[in-house]
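Reading through the structure tokens given below for one structure.
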2 protein chains.
Amino acid sequence: MVKRTSHQNADCLIARPLDAIGDWWSLLIVRDAFDGMRRFGEFQKSLGVAKNILSARLRNLVAHGILETVPAPDGRAHHEYVLTERGRGLFYVLVALRQWGEAYFSGPGEPYTFMVDTRTGRPIRRLEVHAEDGRLLAPGETRLADFRQQPQ
Amino acid sequence: MVKRTSHQNADCLIARPLDAIGDWWSLLIVRDAFDGMRRFGEFQKSLGVAKNILSARLRNLVAHGILETVPAPDGRAHHEYVLTERGRGLFYVLVALRQWGEAYFSGPGEPYTFMVDTRTGRPIRRLEVHAEDGRLLAPGETRLADFRQQPQ
DNA sequence: CCGCAATGGTTTCAAGTTGAAACCGATATG
DNA sequence: CATATCGGTTTCAACTTGAAACCATTGCGG
């Protein structure tokens, strides 16, 4: 064996992101960061993950520019972790994953939960994929693989 | 140690889906499936993954109802793998991941690639999150964590 | 100043996972 | 009949994961 294969240098722009977040914990850390968590202990308590694993994941997320460390506001020795712009870009991935979970992984008899607009408390709409001209596109009507061609 | 921790029974509807697809290969297999691949050898050649790993991943995807096996049309001994409805639901996750990759993982000097509407060959629009009333929501204006409340 | 708890990690080590390569059985194919 | 191809499984060493122990810094009560 060598190391676990990395997609970092893959041509595919679906593969490369997976190098940053394609493990069992990273997206959950990012989700918690969206929910306002910033500190090591908060993540650890929320996720129940071993501290060494959390430490490695946070380091990896920082290395990939998804989180950044900022000095703790209360002048503590240790810093806090906050989302970068790149990290905030993961919002749509989380929404898509969440809606997929709602649609297909919601157990029967389970309290129905959903994402809400924080301003109104009302559920949000489902994601849609639209063509340039506004047409609604169904799964399969879009080519996911790279397609090299100048727009215009 | 025990086994790698599973999110299968997590309450969180972001965590549970990660149990099915939260590893380094599964989403790439699904992407290839969207691109029309059906056979073991096709996936293996496309991904360059070891055969035992591919075998395990396909089994896992079938077990989670994302792929299903169908008899090979040319009457071969072995079957093919096709997306189920649940699997096709991953379309939005792939689009979100792809657009994130386009926005933040595209190297400078790299040929610009993008997803296209297969009907017109034109790029698709970026995903947007909308409130129930149609308002465009920015990252952070939606609560990702579970929110239990009856709609209506 | 001293002791003790909390926070934020790192180290250690056994068990589990991954990947390359070898192997195998069931068709095709020449 | 010999060989090739497809679709895997087996084997085994290296790597990763996770639980627990350990450690350094800061905060606080006395």
Side-chain angles (χ1 to χ4, degrees), chain A residues 1-10 15 18-29 32-33 36-64 67-82, chain B residues 1-10 15 18-29 32-33 36-64 67-82:
Chain A
M1 231 195 100
V2 281
K3 290 175 100 80
R4 175 170 58 199
T5 62
S6 161
H7 306 303
Q8 183 130 33
N9 298 312
L18 286 178
D19 211 64
I21 54 159
D23 69 280
W24 300 85
W25 294 111
S26 295
L27 270 184
L28 296 179
I29 294 172
D32 281 352
M37 293 189 193
R38 306 164 66 96
R39 296 175 54 167
F40 188 93
E42 289 180 301
F43 292 116
Q44 213 242 318
K45 187 173 169 192
S46 162
L47 300 174
V49 57
K51 293 163 82 173
N52 52 349
I53 302 296
L54 176 58
S55 179
R57 287 295 166 271
L58 287 171
R59 229 190 330 266
N60 188 55
L61 288 170
V62 169
H64 280 91
L67 296 177
E68 64 186 344
T69 55
V70 299
D74 53 345
R76 296 175 71 71
H78 300 290
H79 42 244
E80 302 192 331
Y81 301 89
V82 300
Chain B
M1 232 194 99
V2 279
K3 290 175 99 81
R4 174 169 58 197
T5 62
S6 161
H7 305 304
Q8 182 129 34
N9 297 312
L18 286 177
D19 211 63
I21 55 159
D23 68 281
W24 302 85
W25 293 113
S26 296
L27 270 183
L28 297 179
I29 294 172
D32 281 351
M37 295 189 192
R38 303 165 68 95
R39 296 176 55 166
F40 188 93
E42 290 179 300
F43 292 116
Q44 214 242 317
K45 187 173 170 193
S46 161
L47 299 173
V49 58
K51 294 164 81 175
N52 51 348
I53 302 296
L54 176 59
S55 179
R57 289 293 166 273
L58 287 171
R59 227 189 333 264
N60 188 54
L61 287 169
V62 170
H64 279 91
L67 296 178
E68 64 186 345
T69 54
V70 300
D74 53 345
R76 296 175 70 72
H78 300 290
H79 43 244
E80 304 192 331
Y81 301 89
V82 301

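Worth knowing before you read on, the calculation uses all heavy atoms, side chains too, and leaves out hydrogens, waters and symmetry mates. Residue numbers begin at 1 in each chain, while the letters A, B, ... track the order of the sequences.
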How does protein reach along nucleotides 22-30 of chain C, written 5' to 3' as B (base within reach of a heavy atom under 4.0 Å), S (only sugar-phosphate), or - (no contact)? -----S---
d(Leu61(A) CG, Leu54(A) CG) to nearest 0.5 Å is 9.5 Å
Rounding to an integer number of Å, can you tell me how far Met37(A) CE sits from dT7(C) P? 15 Å
CZ of Phe40(A) versus C1' of dA24(D): gap in Å, rounded? 14 Å
First locate atom CD of Gln44(B), then atom OG of Ser55(B), and finally report the distance between them rounded to the nearest 0.5 Å. 10.5 Å
Separation of Ile53(A) atom CD1 from dG18(D) atom P, in whole Å? 5 Å
I need the Trp25(B) CH2 to Asp32(B) CG distance, nearest 0.5 Å. 10.5 Å
From CD of Gln44(A) over to C1' of dG8(C), roughly how many Å is that when rounded to an integer? 10 Å
Between dA21(C) (C1') and Asn52(B) (CG): distance, integer Å: 10 Å
Mind checking the CG-NE2 spacing from Asp19(B) to His64(B)? Nearest 0.5 Å is all I need. 5.0 Å
Student check: side-chain heavy atoms of Val49(A) and Arg57(A) closer than 4.5 Å: no
Aromatic plane relationship, Phe43(B) with Tyr81(B) - under 30° parallel, 30 to 60° tilted, over 60° perpendicular: perpendicular
Closer to the 5' end of DNA chain C via nearest nucleotide, is it Trp24(A) or His79(A)? His79(A)
Is the shortest side-chain N/O distance from Tyr81(A) to OP1 or OP2 of dG9(C) below 4.0 Å? yes
Are any non-hydrogen side-chain atoms of Ile29(B) and Leu58(B) less than 4.5 angstrom apart? yes
dG9(C) P sits how many Å from Ile29(A) CD1, rounded? 12 Å
Any residue of residues 54-61 of chain B with a heavy atom less than 4.0 Å from an atom of DNA chain D: Ser55(B), Arg59(B)
Taken to the nearest 0.5 Å, the spacing of Ser6(A) OG from Leu18(A) CG works out to 10.5 Å
Grab the CD-P distance between Glu80(B) and dG8(D) for me, whole Å please. 11 Å
In this structure, how many angstroms lie between the C1' atom of dT25(D) and the CZ atom of Arg39(A), rounded? 13 Å
When Phe40(B) is tested against each of Glu80(B), Lys45(B), His78(B), Lys51(B) for side chain to side chain contact (heavy atoms under 4.5 Å, CB included), which residue passes? Lys51(B)
Under 4.0 Å between any heavy atoms, over every strand shown, what does Phe43(A) touch: base, sugar-phosphate, or nothing? Just pick one. nothing
Measuring to OP1 and OP2 of dT17(D), would you say a side-chain N or O of Trp25(A) lies under 4.0 angstrom away? no
